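We count residues from 1, following the sequence as given. Values in this document were obtained by computation on a predicted structure and should not be read as measured data. Indexing begins at 1, ligand by ligand and atom by atom, following the structure's order.
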Amino acid sequence: MYSSKITGLGHYVPENVVTNDDLAQWMDTNDEWIQERTGIKERRWIDPKTGDTTAVMGAKAAKIAIERANLTKDDIDFIIFATLSPDMYFPGGGVQIQDLLEMPTIGALDVRNQCSGFIYSLSIADQFIKTGMYKNILVIGSENHSGGLEKSTRGRGVTVIFGDGAGAAVLSRSEEEGRGILSSHLHSEGKHAKELALIGPSTERWVPEIIKDNDPEDVSYFPHMNGQFVFKHAVVRFSEAIVEGLQANGLNKEDIDMLIPHQANLRIAQFIQKKFGLADNKVYNNIMRYGNTTAASIIIALTEAWEEGKIKENDLVVLAAFGSGFTWGSVVIRW
Ligand code: ACO
């Protein structure tokens, strides 16, 4: 049986830095509130003049990952693209990557699992490789949040948290036993879908209806988050996903060399770190610099941790996410 391992990593974030003080010019918020509640100091938001979009950023990150895997675009057998902020309602971003990178007419799959998008994507890629169907799969997480946020006091509870960016990984077939992706665990609980959602436009209420109503109070086309409800579920589900991943492999929390939690809120990551008794050098966070980049967050953090030499051969790396859906999960990797 084959195993799959990450052979290339890359990320791209827009150059435009938006600090907490910048946000305070557009809405009633301040640096102290944002840092105290979330740990975020600044985020990157696309400058539309640059031409960056969700797909364009994804393609930029993908190029780096493919090069670092010592492959060319023609070696990639399949694309998996995770985002909640696609350039178009349909088709999804995967086909745009195929086009932007001028790849052969390989398959492209879109994943709609928000903050868990990269975990779901990695798990799907792992299955395709383990069955022998594909050899090299490009997995991308990319988000353009800034284009769809309400940049006013009414939207501040959500808007201050999210940032733009992309990350990519190449997952390749390996015949080394006990290395690469050891297991993945995926979960969902749809009864909480509306606690963290962008409701419209949807097929239940399409654009002409929204325009006809012309209701200034209608916020259905901005993301809505019941922050405290999400927070309470996040800390429980994050922990469960990590424990499940460790138990499935007969491992303990002491075996973790690097935990990369989805960058939802630094306070959530710190809670998890404390709960599992992990030293500072065993948890990687970069939400301070990028905010929450949803499907891109884990892969950007994984790439940076690896670039900084914080992940070494044979390390046990645990990735865990929780987010809108609700969806959550983990991936355990022997690097
Ligand atoms: N600046 C200043 N004040 C603010 C801001 C802001 N940006 N946003 C809200 N406030 C105010 C509120 O209006 C409220 O004021 P009030 O007490 O007068 O009514 C007060 O601050 C407290 O608001 P809460 O929403 O209760 O603040 P909370 O402590 O819950 O923090 C936060 C909010 C940071 C969103 C937190 O709940 C959180 O991080 N939740 C989890 C988010 C998460 O994990 N999301 C999952 C991933 S995202 C995804 O999947 C797409």
| Part of Phe326 with heavy atoms under 4.0 Å of ligand 1, whether side chain, backbone, both or neither | neither

| Within less than 4.0 angstrom of ligand 1, does Met27 place any heavy atom? | no

| task | Taking the six-membered ring for Trp and the full ring for Phe, Tyr or His, determine whether the centres of Trp306 and Tyr284 are under 6.0 Å apart. | result | no

| message | Quick check: Asn265 and ligand 1, any N/O pair under 3.5 Å apart? | response | yes

| field | Donor + acceptor pair across side chains of Thr19, Asp21 (<3.5 Å) | value | no

| query | Nearest protein heavy atom to atom 6 (C) of ligand 1, by residue and atom, and its distance? | reply | Thr29 OG1, 3.3 Å

| said: For atom 27 (O) of ligand 1, what is the closest protein heavy atom, and at what distance to 0.1 Å? | reply: Arg37 NH1, 3.1 Å

| field | Within reach of ligand 1, part of Ile268 (heavy-atom separation under 4.0 Å) | value | side chain

| remark: Note: Arg267, heavy atoms under 4.0 Å from ligand 1, region reported as neither

| task | For atom 10 (N) of ligand 1, find the nearest protein heavy atom and state the residue, atom name and distance (0.1 Å precision). | result | Trp33 CZ2, 3.4 Å

| Part of Ala234 with heavy atoms under 4.0 Å of ligand 1, whether side chain, backbone, both or neither | neither

| query | Which one holds for Val158 and ligand 1: side chain close, backbone close, both close, or neither close, with close meaning a heavy atom under 4.0 Å? | reply | neither

| task | For the pair Tyr89 and Trp206, name the ring-plane relationship: parallel under 30°, tilted 30 to 60°, perpendicular over 60°. | result | perpendicular

